[in-house]
Amino acid sequence: MPLAAGGVMGLLMLVRTQSVLLVFFAMAAALAAYGWRWKRWLQGCLLLCAGILVAIIPWVGRNYAVTGRVVFDQTEQTGIFAQRYTDLPGYSMPARDPGESEEAYTHRMVADTWSYTISHPGAVAGFVSAHFLNNEINTVLVMPLRDAFYDLDDVFRVTRSFWDDWDGVGNWMEGLKLALTLVLIAVGIAGSFRRWGAAGLIPLLMNVAYSLSNALVRNSGGRYILPVDWIGYVYFAIGLLEVSLGILLLFGL
């Protein structure tokens, strides 16, 4: 299983490089799952890393054959990442100096990113936390907040993009539904932990890790929550089942 998980993570890194951050969260979760048995945990981590290498080595080998150097991502991606850690407006990527090689440009972009982070820690912490919270809020908002019924067809398929017009709690009914959603998700998280221990918190850990990995590159909301929005549904459903079970027990059923 650690080998297979590493392979999946390696493939995910080929889609989104920042997904490498998930590896460290997986190692932390594995430490709890193994019950702090260090030798088994270390073996699992080695297998995880081996799976990652199996998945990415063909790509890195291909890049080496084409460019003559070890490179994982194209230079433009490094430039876009560096641009998001500067005060440049929009998406204008920092220009390459005359005669500057791709390798030198990549090293300069990485150095500029670190330099900006060290000299502007407040700004970096601000946009990372803002994107992280935006991801978490949008994960909660996958649950419907509509307070009106339009037609039967709307029950079976999306006919109105109601979420495009929603910019916050507009009335007390929406506020009540949002509060109820949060309560049920919280009950779902608590119930998962009570029934399955640390394993019940792994989806929550995945959500936090993924949201943080996107926040570090200033992405959030919209299509960026699709890989983890199911976690909101899962905990909501578990919370609903826990409450339903409690009601049935209350009436002796």
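Side chains included, hydrogens not; waters and symmetry mates left out as well; all remaining heavy atoms used.
Side-chain contact between V243 and V183 is absent, with no heavy-atom pair separated by less than 4.5 Å.
Nearest heavy atoms, L12 versus S19: CG-OG, 3.5 Å. In terms of heavy atoms, Y210 sits closest to P227 at OH-CG, 3.2 Å. Here the closest heavy-atom approach between residue I238 and residue S192 is recorded as CD1-OG, 3.4 Å. Nearest heavy-atom pair across S220 and N135 is CA-OD1, 3.6 Å. Nearest heavy-atom pair across W230 and M206 is CZ2-CE, 3.9 Å. Residues I231 and L204 approach most closely at CG2-N, 4.3 Å, considering heavy atoms.
Ring geometry, Y116 versus H120: the interplanar angle falls under 30°, so the pair is classed parallel (tilted spans 30 to 60°).
Cluster annotation: M1 is not connected to L11 through the hydrophobic network of ILVMFWY side chains, with a link wherever side-chain heavy atoms come within less than 4.5 Å. When the side chains of ILVMFWY residues are joined at heavy-atom separations under 4.5 Å, either directly or via intervening members, L245 and L240 end up in two distinct hydrophobic clusters. When the side chains of ILVMFWY residues are joined at heavy-atom separations under 4.5 Å, either directly or via intervening members, I247 and L180 end up in a single hydrophobic cluster. Under a hydrophobic clustering in which Ile, Leu, Val, Met, Phe, Trp and Tyr are joined whenever their side-chain heavy atoms come within less than 4.5 Å, directly or via other members, M27 and L3 fall into different clusters. Follow the hydrophobic side-chain contacts under 4.5 Å out from V8 and you never reach L14; the two are in separate clusters.
Around atom CH2 of W196, more than 12 heavy atoms belonging to other residues, nucleotides or ligands sit under 6.0 Å away.
Scanning for salt bridge (Lys or Arg N to Asp or Glu O under 4.0 Å) contacts around E242 gives R194, R195, with sequence neighbours left out.
Residues Y85 and F127 place their aromatic rings such that the two centres sit under 6.0 Å apart.
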Candidate pair N207 and D229, rule side chain to side chain contact (heavy atoms under 4.5 Å, CB included), full reasoning: CA-CA 8 Å; N207 176 275; D229 64 351; over 6 Å; no
CA sep, side-chain torsions, deciding dist, call: I52, M13, side chain to side chain contact (heavy atoms under 4.5 Å, CB included): CA-CA 9 Å; I52 293 172; M13 287 166 57; 4.0 Å; yes
